[in-house]
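Just below is one structure, and these are the notes that go with it.
Residues take their numbers from the sequence shown, with the count starting at 1.
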Amino acid sequence: MDILNKSIFEEHYNRENTGSAKWDKNSLLSLFGSEDVLPMWVADMDFPAPEGIQKALIERLNHPIFGYTVPADTVFTEIQNWLKQRHSWQIDKEWISFSSGVVSAIGTTIQAFTSPGDKILLQSPVYTPFFDMIKNNDREVVNSPLLLEDGSFTIDFTDFEDKLKSGVKLFLFCSPHNPGGRVWTKDELLRIGELCEKYDVIIVSDEIHADLYLSTSRHYPIGSLSKKLADLTVTLMAPSKTFNIAGMQASFLITSNEQLQLKLQKAQAKLAFHGLNILALTAMEAAYREGLQWLTDMIGYIEENIKLAEEFIAAEIPALHVMHPDASYLLWIDCRELGLTDIEIKDRLIHKGKLALEPGSKYGPGGEGFVRMNLGCSRATLQEGLKRLKIAFS
């Protein structure tokens, strides 16, 4: 892939003393017991946001009044245009509502569509807040574990259906999958929809990584595949992972089902959530209006990083095995052949390799013996991280 602006991804930006959760030494000390580690853990890239976003924010800051804010029609238009261009999904303005983040949106949907004690289905290993939000809202976690076949995750549809028929009210779906980077096929998505319709289960689809599918893949929003699926689904999306603006706290929910939309509005009213702040709206609109070339270049750079990491690990640390991702800048690495416990893996990484990675055990059953590595960084940082990974397990 021809990368037009490779230099912006090559440059190292010092993020210390910027309130960065990823790089702050106090944060690292609290989480890893050491501040002397290279942080390649949380899903936060080290790349500057697109220039169009930066300019839009500066322009808005030049106006000296920051009063109560409502989203302009252009915000909705840019979201609609983006989804049509990027995902061939035509949605109505009325289907869109906002949230301060996808995790917050998960909490809102749980409160809107279920009651304490209700069963909510997920598929582990999966993004840690799925577990947290179910438990924090006094609902019951029902797990249909993913299968690991030929180095990739697949869905056990027999188990999936058995779990749905047990009285599940809501299915929390991760698409593309985090931490594995799997992009689900259209056939898999249709089968999920068919079963959820059969057992009257609402789908809440976390698609925050939707725009990060790699050149060999194609992501389909599950709600885009049919009217039935659209009415059964609430899709959660955001520009945060796509354009590295997670600190803006801006996401949106999509559903064509008016009854679900009303329940969402009622749940948000209970929380006194009245909308996004003015800079979040500005950044979101600019991202979808002007960010496509930056995204194209960034994905090309990430693909080179993935290739480098896979080749290095295969040649230098053959006991480790990489799950090749279809999407995103996160690498799911199988360390089980080392014969170490999760505690021993973490200890080796932190104290021997001086490297901070996400432990696989955080992602629930099936994550034991794995680690997640963030490749959203300069080539120099990646090379240093790979060197430390080798030291940790040598």
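In this structure, Pro318 and Ala315 approach most closely via the heavy-atom pair CD-O, 4.3 Å. Closest heavy-atom contact between Met284 and Leu276: CE-CD1, 4.0 Å. The minimum heavy-atom distance between Asn374 and Ala43, with the atom names listed, is ND2-CA, 4.0 Å. Pairing each heavy atom of Ala286 with each of Ile53, the nearest pair is CB-CA, 3.9 Å. The minimum heavy-atom distance between His87 and Ala210, with the atom names listed, is CE1-O, 3.4 Å. In terms of heavy atoms, Pro179 sits closest to Arg372 at CB-CD, 3.7 Å.
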Steps toward side chain to side chain contact (heavy atoms under 4.5 Å, CB included) verdict (Leu338, Leu320): CA-CA 8 Å; Leu338 295 169; Leu320 304 188; 3.6 Å; yes
Side chain to side chain contact (heavy atoms under 4.5 Å, CB included) assessment of Glu337 paired with His321: CA-CA 9 Å; Glu337 196 174 302; His321 303 281; 2.8 Å; yes
Evaluation steps, ring-ring contact (aromatic ring centres under 6.0 Å, His included), between Phe243 and Trp82: CA-CA 13 Å; Phe243 301 104; Trp82 181 266; 5.7 Å; yes
From CA spacing to verdict: side chain to side chain contact (heavy atoms under 4.5 Å, CB included), Ile254, Phe252: CA-CA 7 Å; Ile254 303 169; Phe252 54 96; 3.7 Å; yes
Check against ring-ring contact (aromatic ring centres under 6.0 Å, His included), Tyr13 and Phe47: CA-CA 8 Å; Tyr13 291 83; Phe47 305 142; 9.2 Å; no
Test side chain to side chain contact (heavy atoms under 4.5 Å, CB included) applied to Phe131 and Val126, step by step: CA-CA 8 Å; Phe131 292 94; Val126 73; 3.8 Å; yes
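Within the 4.5 Å cutoff, side-chain heavy atoms of Ile110 are placed close to those of Ile134. Taking 4.5 Å as the limit, every side-chain heavy atom of Tyr288 sits out of range of all side-chain heavy atoms of Leu83. Annotation: side chain of Gln123 is in contact with side chain of Phe173 (closest heavy-atom distance under 4.5 Å). Between Leu236 and Ile208 there is no side-chain heavy-atom pair separated by less than 4.5 Å. No side-chain heavy atom of Phe312 sits less than 4.5 Å from a side-chain heavy atom of Leu382. The shortest distance between side-chain heavy atoms of Ser328 and Asn178 does not fall below 4.5 Å. Side-chain contact between Cys196 and Phe160 is present, with heavy atoms from C-beta onward closer than 4.5 Å. By the 4.5 Å heavy-atom criterion applied to side chains, Val204 and Phe171 are not counted as neighbours.
Partners of Tyr363 by ring pair (Phe, Tyr, Trp, His ring centres under 6.0 Å), not counting sequence neighbours, listed by chain and number: Trp332.
Glu358 has a carboxylate O that lies under 4.0 Å from a charged side-chain N of Lys362, or vice versa, which qualifies the two as a salt bridge. Ion pairing between Asp342 and Lys346 fails under the 4.0 Å rule for side-chain N and carboxylate O. A salt bridge links Glu161 to Lys198: at least one charged side-chain nitrogen sits closer than 4.0 Å to a carboxylate oxygen. Using a 4.0 Å cut-off between charged side-chain N and carboxylate O, Glu51 and Lys55 make a salt bridge. Looking at Asp231 and Lys227, a side-chain N of the basic residue comes within less than 4.0 Å of a carboxylate O on the acidic one, giving a salt bridge. In this structure, Glu304 pairs ionically with Arg379, as a charged nitrogen and a carboxylate oxygen lie closer than 4.0 Å. Of the charged side-chain nitrogens involved, at least one lies within less than 4.0 Å of a carboxylate oxygen, so that Arg388 and Glu384 count as a salt-bridged pair. Comment: Lys390 engages Glu316 in a salt bridge, judged by a side-chain N to carboxylate O separation of less than 4.0 angstrom. Salt bridge status for Glu258 with Lys263: absent, with no side-chain N to carboxylate O gap under 4.0 Å. Of the charged side-chain nitrogens involved, none lies within less than 4.0 Å of a carboxylate oxygen, so that Lys241 and Asp44 do not count as a salt-bridged pair. Salt-bridge check for Asp200 with Lys169: failed, with every basic side-chain N at 4.0 Å or more from each acidic carboxylate O.
Atom-to-atom distance recorded for Ile245:CD1 and Ser240:OG is 7.0 Å, nearest 0.5 angstrom. Taking CG from Leu292 and CG from Asp297, the interatomic distance works out to 9.5 Å, rounded to the nearest 0.5 Å. Ile192 CD1 to Leu164 CG: the interatomic distance, rounded to the nearest 0.5 Å, is 9.5 Å. Once rounded to the nearest 0.5 Å, the distance linking CZ of Arg348 with CG of Leu389 reads 11.5 Å. Once rounded to the nearest 0.5 Å, the distance linking SG of Cys335 with CD of Glu344 reads 12.5 Å. Between atom CZ of residue Phe98 and atom CG of residue Leu281 there is a gap of 6.0 Å, rounded to the nearest 0.5 Å.
The main-chain N or O of Thr158 is found under 3.5 Å from a side-chain atom of Asp156 such that the two form a donor-acceptor pair. A donor-acceptor pair is defined here as one N or O able to donate and one able to accept, closer than 3.5 Å; such a pair exists between the side chain of Asp326 and the backbone of Val183. The closest donor-acceptor contact from the side chain of Thr255 to the backbone of Thr233 lies under 3.5 Å. When atom types are taken as modelled, the side chain of Trp89 and the backbone of Gln80 share no donor-acceptor pair closer than 3.5 angstrom. No donor-acceptor distance shorter than 3.5 angstrom exists from the side chain of Ser251 to the backbone of Ala238, with no hydrogens or angles considered.
Ser215 and Glu303 share a donor-acceptor pair across their side chains, judged by distance under 3.5 Å alone. Between Ser124 and Asn143, the side chains place a donor N or O and an acceptor N or O closer than 3.5 Å (distance only, hydrogens not considered). With no hydrogens or angles considered, a side-chain donor-acceptor pair links Glu285 and Thr74 at under 3.5 Å. Between the side chains of Gln111 and Thr108, no donor N or O sits under 3.5 Å from an acceptor N or O. A donor-acceptor contact closer than 3.5 angstrom is absent between the side chains of Ser27 and Ser30. For the residue pair Arg60 / Thr282, no side-chain donor-acceptor distance below 3.5 Å is found, with atom types taken as modelled. Under the 3.5 Å distance criterion, with hydrogens and angles disregarded, no donor-acceptor pair is assigned to the side chains of Asn81 and Gln85.
Summarising the local packing, NZ of Lys387 is surrounded by 12 or fewer heavy atoms from other residues, nucleotides or ligands at distances under 6.0 Å. Heavy-atom contacts from other residues, nucleotides or ligands closer than 6.0 Å to CG of Asn14 number more than 12. Remark: Lys266 NZ is loosely packed, at most 12 non-hydrogen atoms of other residues, nucleotides or ligands lying under 6.0 Å away. Heavy atoms of other residues, nucleotides or ligands lying less than 6.0 angstrom from CD of Gln90 number 12 at most.
Checked against the 6.0 Å centroid criterion, the rings of His177 and Phe153 qualify as a close aromatic pair. When ring centroids are compared, Trp41 and Phe32 come within the 6.0 Å threshold.
Ring planes of His12 and Trp23: perpendicular class, angle over 60° (limits at 30 and 60°).
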